[in-house]
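Down below is the structure, laid out as structure tokens.
Letters A, B, ... are given to chains in the order of the sequence lines, protein chains preceding strands, and every chain is numbered from 1.
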Protein chains: 2
Amino acid sequence: MRSAGADQDLTAAARIRDAAIRRFATQGFTASVRQIAADAEVSPGLVIHHFGTKDRLREVCDAHVSDQIRVAKTEVLTAADPGMFLSALAAVTDYAPLAGYVVRSLVAGGDLAARFIEHMVDDVRTYLQEAEAAGTVRPSRDPEARARYLALQGLGLLLMQINLSGGVEKATDLAAVLTAVTAWTTLPALEIFTEGLLTDNTLLSGYLAHVGGNTPARTPSSDQEEQR
Amino acid sequence: MRSAGADQDLTAAARIRDAAIRRFATQGFTASVRQIAADAEVSPGLVIHHFGTKDRLREVCDAHVSDQIRVAKTEVLTAADPGMFLSALAAVTDYAPLAGYVVRSLVAGGDLAARFIEHMVDDVRTYLQEAEAAGTVRPSRDPEARARYLALQGLGLLLMQINLSGGVEKATDLAAVLTAVTAWTTLPALEIFTEGLLTDNTLLSGYLAHVGGNTPARTPSSDQEEQR
DNA sequence: CAACACACTAAACGCGTGTTTAGTGCCGCG
DNA sequence: CGCGGCACTAAACACGCGTTTAGTGTGTTG
């Protein structure tokens, strides 16, 4: 397998990049160049020599994490549940820094975060489409909005819980938090998803009547394509 | 009304505190003492003279925001929807910095954030209880978990959307983002809340069977107290 | 009136930051 | 062998940070 306490057999630039990803994941993007250099057993100057700037180092890290995620994703067989994916990612201790890095990116709100979320929404949408075709999921009046809603909601819940339990801190804890939150979350989620929350549809029909002729809202949707 | 371009008639310490809240809300807690001092038209030394330390200044801000929120809350008539409350808070331009400050706290994850969330969960729980008694909301097998799930989910969705649309940045934008997210969110939310997401209960009943004799999970709950 | 207390400022201190500069040793190529 | 290029380091630079220090004016109090 790749990297198992591997330190020496990597080029210095790669060691710096990996150390940076680890530091960024555990301490956030305020981690200093000197700390990263120390982790990579290298002088601070070399970091700049190879990457030019701390910001450019971060860009390289973003790109690398993005690649790693794409690889891991195909390995994990495209899990569509937003939580499940991060959880599976964090489970393999090798990939734990990746999950931490993504979490940091999400709260920091950079380019990587936007891309990650968009992919997540895409995954959820296709998953819902397939499940709907299979007859296990109800059709929606606005499938795009529903996919986005479910993805953002799940990721948001996760993030919320993560940096409430004392920040991202140690990477190993991340997996624990992820499984814990899915543990107490599944019951209410399943309840609402199968039985709903409200007893009647006065609110929904009221809302539908209210927006009747108007544009529903954002997100390119297809109004109602099937009535069934 | 309180404060309307009021600058001079406040004590210097109060001006510093207000400036700090504004800066923290728009730039996060890395805003410098010198910036805050400049905003309050005061020397950096005076900030420390009055508050001793930047951290203690932040504690004072936390406390003040906490108070302001409690006041605003009773004014707004205890809105239980997590989003609605923040939205109403941000709508009054006077309170906009408060909402920004809370958002910053939530992503930074301090004490204030934990307290705010706990209050939010409480509000949602009592709201659900009342609605359940009124017959508009279905009973849950674990009301505590459901309240926490709904609160964290709503807040998380909100946060996610806020710092994806370019950070908290300008306070006036915050209200816009809040109304925008509620706009495209209400349809999928109402759909799921009234009709559910799944077509049958195999997943739910399967899960219930699976955890059958075991402890459900976290959060002190009362197992199933009513079967109905 | 003298004396103390207090709000306040200007300037500096010490530190950590990202980055630059000058220099050293090694490695491959002509 | 000689020499250019490259990875790399040690030291320093410039800067912004939170905080400290010394000092000034002002209002209150004995």
Side-chain angles (χ1 to χ4, degrees), chain A residues 6-64 101 104-105 107-108 110-112 167-169, chain B residues 6-64 101 104-105 107-108 110-112 167-169:
Chain A
D7 257 15
Q8 215 57 287
D9 50 274
L10 283 171
T11 155
R15 263 186 299 133
I16 292 172
R17 162 173 50 68
D18 289 354
I21 291 176
R22 242 175 289 124
R23 276 282 171 190
F24 285 155
T26 56
Q27 296 191 186
F29 296 107
T30 62
S32 72
V33 170
R34 283 171 169 83
Q35 282 175 327
I36 295 169
D39 288 353
E41 289 169 336
V42 142
S43 75
L46 190 64
V47 176
I48 264 63
H49 170 76
H50 277 307
F51 298 93
T53 262
K54 188 188 178 184
D55 282 343
R56 288 235 291 278
L57 169 60
R58 163 141 191 226
E59 288 171 16
V60 171
C61 289
D62 274 19
H64 187 69
Y101 192 97
R104 291 294 186 184
S105 278
V107 319
D111 251 21
L112 176 65
V168 182
E169 319 231 331
Chain B
D7 256 18
Q8 214 57 287
D9 49 275
L10 284 171
T11 154
R15 262 185 300 135
I16 292 172
R17 163 175 47 69
D18 289 354
I21 290 176
R22 240 175 292 126
R23 276 283 170 189
F24 286 155
T26 56
Q27 296 191 187
F29 297 107
T30 62
S32 72
V33 170
R34 285 172 168 82
Q35 283 174 327
I36 295 169
D39 287 354
E41 289 170 336
V42 143
S43 76
L46 189 63
V47 176
I48 264 65
H49 170 76
H50 276 308
F51 298 94
T53 262
K54 187 189 177 182
D55 281 343
R56 288 235 291 278
L57 169 61
R58 163 146 190 221
E59 288 170 16
V60 171
C61 289
D62 274 19
H64 188 70
Y101 191 97
R104 291 294 185 183
S105 277
V107 318
D111 252 21
L112 176 66
V168 182
E169 318 231 332

* Can you tell me how far C1' of C/dT17 sits from NZ of A/Lys54, to the nearest Å? -> 8 Å
* Could you tell me the separation between the CD1 atom of A/Ile48 and the P atom of D/dA12, rounded to a whole number of Å? => 19 Å
* Identify the residue among B/Ile21, B/Val47, B/Val33 that makes a side chain to side chain contact (heavy atoms under 4.5 Å, CB included) with B/Leu57. => B/Val47
Between N or O atoms, less than 3.5 Å apart, protein on one side and nucleotides 23-29 of chain D on the other: list the pairs.
none

* Asked: Does A/Arg104 count as lying over the ring of A/Phe29, i.e. NZ or CZ under 6.0 Å from the six-ring centre, within 45 degrees of the axis?
  -> no
* To do: Look only at the side chain of A/Arg15 and the backbone of A/Ala40, and say whether a donor-acceptor pair between them is shorter than 3.5 Å.
  => yes
* To do: Using atom CZ of B/Phe29 as one end and atom P of D/dC17 as the other, report the distance to the nearest whole Å.
  => 17 Å
* Quick one: A/Arg23 CZ to C/dG18 P, roughly how many Å, whole number? -> 12 Å
* Structure fact -> Whole-Å distance, B/Arg58 CZ to D/dC17 C1', equals 18 Å
* **Contact state string [nucleotides 9-14 of chain C, B base, S sugar-phosphate only, - no protein heavy atom under 4.0 Å]** => B--B--
* To do: Check the distance between D/dC17's P and B/Ile36's CD1 and give it to me in whole angstrom.
  => 11 Å
* Asked: Is it true that B/Asp18 and B/Arg22 make a salt bridge, defined as a side-chain N closer than 4.0 Å to a carboxylate O?
  -> no
* Is there a donor-acceptor pair closer than 3.5 Å between any side-chain N or O of B/Gln27 and the backbone N or O of B/Phe24? -> no
* Structure fact -> Whole-Å distance, B/Gln35 CD to D/dG16 P, equals 11 Å
* To do: Starting at atom CZ of A/Arg56, determine the distance to atom C1' of C/dT19, rounded to an integer number of angstrom.
  => 12 Å
* **Short side-chain to backbone donor-acceptor contact, A/Thr53 and A/Arg56, under 3.5 Å** => no
